[in-house]
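Scroll down for the structure; my scribbles are underneath it.
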Amino acid sequence: MSPVFDNIDLFVDGFLTSLRIILFALAGALPLGVLIAACRVSPIPPLRAFGTFWVTTFRNTPLTVVLFFCAFGLPELGINNSFFFFGVLGLVLYTSAFVAEAVRSGINSVPAGQAEAARSIGLNFTQGLRFVVLPQALRTVVPPLGSVLIAMMKNSAVVGAFGVGGDLWSTGQRLTSALGYATFPIFVGGVAVGYLVITLSAGALLQVLERKVAIAR
Amino acid sequence: MMFRRTALVAALSVVALTAAACGGDDDSSASEPAVESDVEFEAGTTMAELAEAGTIRVGTKIDQPGFGLENLEGEIEGFDVEVAKIIAGALGIAEEDIEFVATPSAVREDVIEGDEVDMVVATYTINDTRKERISFAGPYYLAGQQIMVAADNDDITGPESLKENPDAKVCSVTGSTPAEQIVEYLASPDQLTLFDEYSQCADSLRNGQVAAVTTDNVILLGFVAESEDEFKLVGEQFTEEPYGIGITKGDVAFCEFINDTLQENEDAYIEAWESTAGQVEGTETPELPEPAPCA
């Protein structure tokens with residue numbers, strides 16, 4: 001265990017960098033995913049087509065390919081930004097497709113009568129979705145959405161390999177490779193524990209949230 | 001969508017071209033290292049065991065142009081591979097009986113400790129942390145770290161000018177010695193960008209995401225040679241990276257045997273260089289360095 005404690009400052013830095021990637025990606029992927037889900041159930045055909053296209057593209061492309069496109073394809077088109085931005089962007093695009101599908105399943109679980117009732121009191125589609133359907137839908141999707149978000153937290157390790165560096169995974173690589181520490185204690189005792197701290201606390205938070213927003217049917 | 005697809009194709013083809021150009025060595029002229037036919041070693045030594053077995057397991061890189069690169073036929077070629085052949089030859093082991101094991105930087109100590117290979121010849125810089133877990137024979141080559149920039153970049157003239165240009169990103173590979181050593185020349189650690197492969201650094205230099213790439217001179221020269229005047233090297237070599245051969249910790253007899261073998265086969269050593277890494281324009285044929293004492 002001492003290789004981990006000897007380098008605890010590096011691990012703390014790596015942990016914070018990973019956390020930063022995750023928080024930015026969360027802030028992007030959640031609203032974007034809900035927006036795409038709204039597109040997918042919208043009564044306007046072009047919006048539906050756009051939503052379907054978005055989900056099909058990003059759900060069926062490996063994350064590394066999406067990240068590769070962001071980190072190397074965009075600069076090739078003359079769009080230059082930091083690798084941190086490109087990495088978070090790739091993770092947001094990829095995760096938003098999964099968030100959208102989880103949210104859509106929630107929307108579909110709301111009885112059609114709810115939307116009809118909203119319509120009958122004079123709300124239009126957007127208002128009905130926003131004030132009647134989505135509040136009920138989001139409550140039911142906490143468990144599947146939680147799985148998507150925890151997967152995203154682990155996927156942040158892939159972002160580190162696209163020029164971001166300094167995250168938990170890259171820190172492990174650096175310690176074992178350049179600084180010559182044994183692989184096993186570093187990755188099991190340091191890197192894995194770091195990710196567990198993030199994912200387990202996220203899981204606990206989600207459970208609290210689930211209990212809080214649960215609706216008796 | 002159309003522009004996206006074109007961009008992706010463009011980006012992918014850049015990588016494909018880079019990879020293809022790396023593999024473009026015409027090495028067929030390399031003559032085979034001599035294989036001793038009558039060898040005898042003191043019983044119980046590593047040499048006796050290996051000669052008896054008639055085979056040796058060697059860890060090399062498979063992604064390092066000029067040193068250890070897997071070609072399309074699945075064979076690994078490069079200077080490290082040739083050096084391994086010289087040592088195997090002195091043990092009476094023919095080239096086809098060498099088993100090459102792909103050994104990325106991160107696992108080099110592990111495969112030696114776990115007895116998965118008999119030696120590691122993989123652009124392996126000798127340093128003290130590594131010596132705590134394994135022993136080194138050699139050095140067999142002295143590399144040095146240098147800086148590569150775009151041909152039209154006049155701001156960065158060497159490692160010293162990196163501090164004066166704090167916005168200039170420097171690219172290297174995660175977990176490599178050069179990535180550690182460049183840090184003291186940087187204005188802040190954020191100036192360093194890390195990838196898994198040097199080809200990704202070269203791509204980022206080409207499309208303006210980073211201003212400089214740093215690693216050992218030989219690797220950079222490979223990129224300069226294939227870049228068609230897009231890249232150039234600036235400044236002097238500012239570190240010395242002695243490449244050694246990793247063996248089981250404390251195996252002094254094997255270490256001395258490797259050192260003696262290299263000293264006795266200087267011609268084969270020079271030929272090994274010229275048929276591999278030496279084919280890159282701008283490289284100088286090295287002299288075999290004085291071996292460090294075995295411990």
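For clarity, every value in this text was computed on a predicted model and none was experimentally measured.
B/Asp190 does not touch chain A: none of its heavy atoms, backbone or side chain, sits under 4.5 Å away. With a 4.5 angstrom heavy-atom cutoff, B/Val173 does not touch chain A via any of its atoms. The parts of B/Ser204 that come within reach of chain A are both its backbone and its side chain, each placing non-hydrogen atoms under 4.5 angstrom from that chain. Both the backbone and the side chain of B/Gln209 have a heavy atom closer than 4.5 Å to some heavy atom of chain A. Neither the backbone nor the side chain of B/Glu132 comes within contact range of chain A, judged by heavy atoms closer than 4.5 Å.
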Validation: residues 178-196 of chain A side-chain donor-acceptor distances under 3.5 Å, sequence neighbours left out:
residue: A/Tyr181; atom: OH; partner: A/Asn7; partner atom: ND2; Å: 3.4
residue: A/Thr183; atom: OG1; partner: B/Asp110; partner atom: OD2; Å: 2.1

Do any side-chain atoms of residues 58-75 of chain A form donor-acceptor pairs under 3.5 angstrom with protein atoms, and if so which ones, sequence neighbours left out?
residue: A/Asn60; atom: ND2; partner: A/Thr56; partner atom: O; Å: 2.7
residue: A/Thr61; atom: OG1; partner: A/Thr57; partner atom: O; Å: 2.3

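In terms of heavy-atom pairs under 4.5 Å with chain A, the best-connected choice from B/Thr174, B/Thr177, B/Leu192, B/Val210 is B/Thr174. The choice from B/Glu180, B/Gln200, B/Arg108 that makes the most heavy-atom pairs within less than 4.5 Å of chain A is B/Glu180.
Annotation: the span from A/Ile22 atom CD1 to A/Ile150 atom CD1 amounts to 10.5 Å, rounded to 0.5 Å. The structure places CZ of A/Phe84 at 8.0 Å from OG1 of A/Thr17, a figure rounded to the nearest 0.5 Å. Rounding to the nearest 0.5 Å places CD of B/Gln145 at 5.0 Å from CD1 of B/Ile182.
Within a 6.0 Å radius of CZ in A/Phe24, no more than 12 heavy atoms belonging to other residues, nucleotides or ligands are found.
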